[in-house]
Structure formats: structure tokens, C-alpha cells
**Student:** 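Would you mind keeping the following structure in view while I ask a few things?
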Amino acid sequence: MGNCTNCSFCNEADEDSINNSIRMSTNSILGQMTQPTPTTSMCCYKNKHKENRQLLDNIKLSEKEKKLFEKKIILSSSKSNGIPKSDKLLSYSRYYTTFGQQQPDKLDNSDMSLSISNRLFINEIDQSPEKKYKILKTLGHGSYGDVFLGTNIYSKEKVAIKKIYKSSEDLLSDGEIVDEIKILKNLSHPDIVKIIEFYGTDDAYYIVNEYCPGGELFEKAVGYLSETQISVIFKQILSGLSYLHSNNIVHRDLKLENILISDKEYVEMTGEEYFDIKIIDFGNARIFDKNLKGNSIVGSSYYIAPEVFKRNYNRECDLWSAGVILYMLIVGSPPFDGKSDKQIMSSIKTGIFNKQKERWVNASLEVKDLISKLLVYEPSKRLTANEALQHPWFKITNSNILYYNIPKHEIMLCIQNLLSYNIKSKFEELVLAYIVHILPKQKDVKTAIKLFKLVNTKGDGRLQKDELRKALLNFVSEEYLQNFDKIFYLLDADNNGIIEYEEFLRATLDKKKILTENYLKYAFSYFDRESKGYITKDQIKSFFEDPKIDDNLLQRIFDEIDLDKDGKIYFQDFKNMMLYD
């Protein structure tokens, strides 16, 4: 088939026609990628879509599309940097701008000892959260306190505020509360609830978390979903567990009631609704060394693993609980029966679960195999989270179906942002990290989250260097990744050798859309801890305690922002730092 006359994938094009061509692919990829439109030809698309083919095969670009996309990056770059359109793009990195020219104002090696992560923002604030949040209603009650629905006064984002009363009869110790905060503040995963802030007053602690409007999974899902809907949910659960276990964290109380629905999406092609979920409640979670065993009985009766009763357990107990959850989603009732906790526990100790129920008999062989490999009595023979993620059931059920709905042009815009990501100072990076941390889940954020899950082919919530590189090669040629190591180095803000969820968001989101006046003012007020209308050098220093920031480096960072040299950073200085190169 020859070239079409209307399609710029087959002809040279300027940026406007490039944009138009990219937008021709905005229909859902699933089932529609190979269909011609009135303005395009079949020569622009790949072979006919096949069911259950690998997701990246569906959205990766042909060689012609790659060249077109690369040309779009060059044109976009030339507008912002004044570079002739005829030049070639070589790299984007911490040390090199377009065409490999070294930038003297970019981060140098002395900056790189500084680690930027979410934990910098989660420290106890000695006041009530009411200055920042308006309480809307009560969501629930517990023995330790209450959970409220609140809204951020500045961003209007809804949050869940957990209030733990210090005068409660079932009082949690300060140590237990601090342990939970320590665990949550170091987590960055799309399927684990995000802690936003932590407050303390004379009578209570307040933990501000992201809000999940869909409620408990237990109320919506048990026994009513198709296997594809369940596989979408369960893959997220396993991804969260894989991430936790890689950080030596054992949840110890995984159950349907501790999984909330954060969002839902209807897919027209299947006629089904799919859920995004969050794992919550880390009150019983602990950091375990691989060789350290738990010795206290913790958990909820239906979900407790047999080895927990023996007071000799580790991360494998979470996989048993996950197997119980999957069984309940498929069958609609628990795998171990009993009229009392004592009877249920006796049933669990046998390790023999119910295989006579009708829904179990009618379930697919693949899901029954996965459940059977999770509900294994001997912990060492149980699947790990990573092993379970590779089970054939996920491919057969099309568990990645949600990501087929990402418009192709939106994916490419995210990739373009990632390849052009650049930071002038660690303080700018710190501010951007804070804004992304508190950012509402608007459309662009949801797209970036889907893309993260799309390229995270291992499903563990952590992007390895080879994993990200392989994903990028679906969109640009090898030539454009000559300095990939430096790109990865820039993205890895906490210097741990992997790209985590929020690090990825910072690079792929459009800064013009997230660095609004409102968010900049909110971020400025956060760093202006004393509400004086300006930020001091000591306030910046307080965020870099581990490791401590070198005084000379701190002075250089401060001088680059404090142009009038009065020792104070006012909002306009702050805004200029974030918006202008």
C-alpha cells in the first residue's frame, strides 16, 4: 500500500500538522487502533489488534511515528530555547540541554548528595489541621477515634482526616502512632494510600490522607464482578504488596475492609466498570528483616495465615491474606467457614479451604490455580507477590484493560515532558515534589498514573533503569537516548537507584498546568513556616537534615533565588524560580 495523501505520518510536516496527526489516534487503543478514519490511511497503523497482546505492543510507535514525534520534540524545544529548527535533538539531562550544550546553571555533583522524597513533607505539625482543612462530615468511628471527610481550603481537594484521641480508653501509644507515620511517609505507590500531613495537639493526633470516595471494596465487589474486573483489582493489590515487601514492610492486616475504591472507569468495549484501589490502615504494619519473624497474633479472623497462630511468620502471611481476598471476590464468601472466630481459626489451621461452592466450581481453572498457590499451608511454598504477578490468569483476563484507554497523543505528551525534564536547583526540585505530592487527581494526573503502570511491566510499583529504557524505546529511537543514564539520574531524586511513583509524575506532568498561581501560593505558605511572607535560608536548611546540606551549597542555592540579596525569598522570587529558566 502506498503513502496516503492526507496523513503526515507519511509526509514531512510542521508542528501543527504533527499535532493534528497525533490527535488522530485519540480513540481508545483497544479494538480501535487499527481502524482507518476519514483522514488517515491504514499505512499509518500496525497490524490488526490481537486479543491479549502485550500492552506496550499496542501503544508503541512505528518508525515513521517515532520520527514524527522526535520532530515534534525538536520543534517544541526550538520555540522555548531559541534553537534553529534544522538542528537535531541529542539529549535532555541534568547537565545537557538540547543538542548536548552544557548548562552552567544546572545541578552539579554537590547537589546530588541531597535526597528529595515524600518523607521530607511528613513531620508532625504542632497545631490543629483546621487552618488548612475544613471538616465536612464524619466518615466513620473506631475504638481509637474518628475519620472525617475534609477539604483543603486552598486547593479544594477532598481528604480523609483520621483523628486519634489521646484520651481514648483503647489508647494507642505515641510509639505505635509514630511507627505508622514512619511507614506511611516513606511510601510512594499508586495503589497504597498516600499520607499528606500529620498534626498533633494536646488531645489528639490527626493523619491527613488522600480521600477514596468509592468506599470499602468489601461493600461493592464481593461475588458480583467478572474475572476481568477482579483481575484488575487483584493486580493492584499484588503490586502494592510487592512494593511493601521490597521495602521490608509487612502489612499484617490485609483484608477487604482495608482496601478502598479511589476511582472507577467505565470501558465501553467491555461494558464493564473497573476500580482503582488503595491499600489502607498500616496501624499493624511493621518493618521486618527477611530473617526476622513476627511473634504476636495480629490480623482479622478470616484472613489470618496459619503460621501467625504459631507466632512465627514474615511477609508470606500477607500473601495468604491476599489469597483469601481473591477467593472472596470470586466466590462471594470466605474460604474457611465457621460460626465463631474460634471455629474459623480451627478451620484455617487445617489449611484446607472450601472447594464445593458453586461459584468456585464455575470459576476458571487459572484463577483456581492462583488461589491454590496462595493458600498454601507451608509459607515457603507460597507464591511471592512478584511470582503471583506473573501468573497466566492476568494475561488471560486482560488485567491491563484500563490502560488501553489512554489516548495515544496524551501518552506522547507525557513522554515529551519526561525527556525534557530539567531542574535548576534542589530547592526547585523540593518545591515541585511538594506540589505533586498534594496535587488533586485531575485528568492529567490520572493519565500520568496510568502511564506509570503501563511502563512498569514488572508490576511492582518501581521502575528499574532497564525497564524505563525499554519502554521509552517504544516512542523514540536509540539516538534520542544517548544520555539516558543522565536522564535516569535526574529523575531519581532520592538517589535509591529506581524511579518511584511520584518521581515519575514530577517528570511527566506538564509544569504549566500544575505550577498555577494558586498552587504556588499554597506551596510558598508551606515553606514559609512562620507565616512572615518570606522564606529564610534556615527554613530551606531545615528540609535537608538527612543528609545535612553543605553551607556553601545552601548559600549558592539561596543566592540564585534571592536576587536582591536581602536574605529573604518573597513570593515573586519564589514564583520566578519555579516558572522561568
**Student:** Counting only N and O atoms by type, is there a donor-acceptor contact under 3.5 Å from the side chain of His437 to the main-chain atoms of Ile195?
**Tutor:**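 It does hold such a pair.
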**Student:** Under 3.5 Å, is there a donor on one side chain and an acceptor on the other for Tyr303 and Asp253?
**Tutor:**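 Not at all, the side chains of Tyr303 and Asp253 share no donor-acceptor pair under 3.5 Å.
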**Student:** Quick check: does any side chain N or O of Asp550 sit under 3.5 Å from a backbone N or O of Leu553, one acting as donor and the other as acceptor?
**Tutor:**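 Flag set: sc Asp550 to bb Leu553 pair under 3.5 Å.
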**Student:** Return yes if a side-chain donor-acceptor contact under 3.5 Å exists between Gln572 and Asn576, otherwise no.
**Tutor:**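 Yes, side-chain donor-acceptor contact under 3.5 Å.
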**Student:** I'd like to know if the side chain of Glu500 reaches the main chain of Ser188, judged simply by a donor and an acceptor atom lying under 3.5 Å from each other, with no hydrogens or angles considered.
**Tutor:**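 Not at all, since once roles are kept as given, no pair shorter than 3.5 Å links the two residues.
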**Student:** Do the side chain of His251 and the main chain of Ile280 share a donor and acceptor less than 3.5 angstrom apart?
**Tutor:**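 The answer is yes, because a donor-acceptor pair under 3.5 Å joins these two groups.
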**Student:** Please work out which of the three classes, parallel, tilted or perpendicular, describes the rings of Phe527 and Phe574, given edges at 30° and 60°.
**Tutor:**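 Aromatic pair Phe574/Phe527 classed tilted.
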**Student:** Taking the side chain as every heavy atom from C-beta outward, state whether Phe394 and Phe234 have any pair of such atoms under 4.5 Å apart.
**Tutor:**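 Counting from C-beta outward, Phe394 and Phe234 do come under 4.5 Å.
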**Student:** What I want to check is whether the side chains of Asp276 and Ser262 have a donor and an acceptor closer together than 3.5 Å.
**Tutor:**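 Absent: no donor and acceptor within the cut-off.
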**Student:** Let's go through Asn152 and Tyr522 carefully: what are the C-alpha distance in whole Å and the side-chain angles of both, what is the deciding distance for side chain to side chain donor-acceptor pair (under 3.5 Å) to 0.1 Å, and is it a yes or a no?
**Tutor:** CA-CA 10 Å; Asn152 187 302; Tyr522 184 59; 2.8 Å; yes
**Student:** Can you sort out the partners of Glu216 under salt bridge (Lys or Arg N to Asp or Glu O under 4.0 Å), two or more places apart, ordered by chain and number?
**Tutor:**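 Checked Glu216 against salt bridge (Lys or Arg N to Asp or Glu O under 4.0 Å); zero matches.
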**Student:** Looking at side-chain heavy atoms only, is the closest gap between Arg315 and Asn248 below 4.5 Å?
**Tutor:**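 Result yes, sub-4.5 Å side-chain heavy-atom pair found.
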**Student:** Does atom CD of Glu130 have more than 12 heavy-atom neighbours from other groups under 6.0 Å away?
**Tutor:**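 Not more than 12 within 6.0 Å, no.
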**Student:** Under 4.5 Å between any side-chain heavy atoms of Glu517 and Phe571, yes or no?
**Tutor:**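 Side-chain contact under 4.5 Å: yes.
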**Student:** Give me the ring orientation class for Tyr434 and Tyr526: parallel if the planes are under 30° apart, tilted from 30 to 60°, perpendicular past 60°.
**Tutor:**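 Rings of Tyr434 and Tyr526: parallel, under 30°.
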**Student:** When you compare the side chain of Ile325 with that of Leu329, does any pair of heavy atoms fall below 4.5 Å?
**Tutor:**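 The answer is yes, as the side chains (C-beta and beyond) meet within the 4.5 Å cut-off.
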**Student:** Taking the side chain from Glu503 and the backbone from Ala493, do they hold a donor-acceptor pair closer than 3.5 Å?
**Tutor:**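 Checked: pair present.
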**Student:** Report yes if some heavy atom in the side chain of Arg462 is under 4.5 Å from a heavy atom in the side chain of Tyr243; otherwise report no.
**Tutor:**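 Yes, side chains in contact.
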**Student:** Within a strict 4.5 Å, meaning less than it, do heavy atoms of the Asp444 and Glu410 side chains meet?
**Tutor:**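 Contact flag for Asp444/Glu410 side chains = no.
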**Student:** Treating Lys424 as the side-chain partner and Tyr580 as the backbone partner, does any N or O pair qualify as donor plus acceptor under 3.5 Å?
**Tutor:**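 Yes: the side chain of Lys424 pairs with the backbone of Tyr580.
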**Student:** Return yes if a side-chain donor-acceptor contact under 3.5 Å exists between Ser425 and Glu428, otherwise no.
**Tutor:**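 No - no donor-acceptor pair under 3.5 Å links their side chains.
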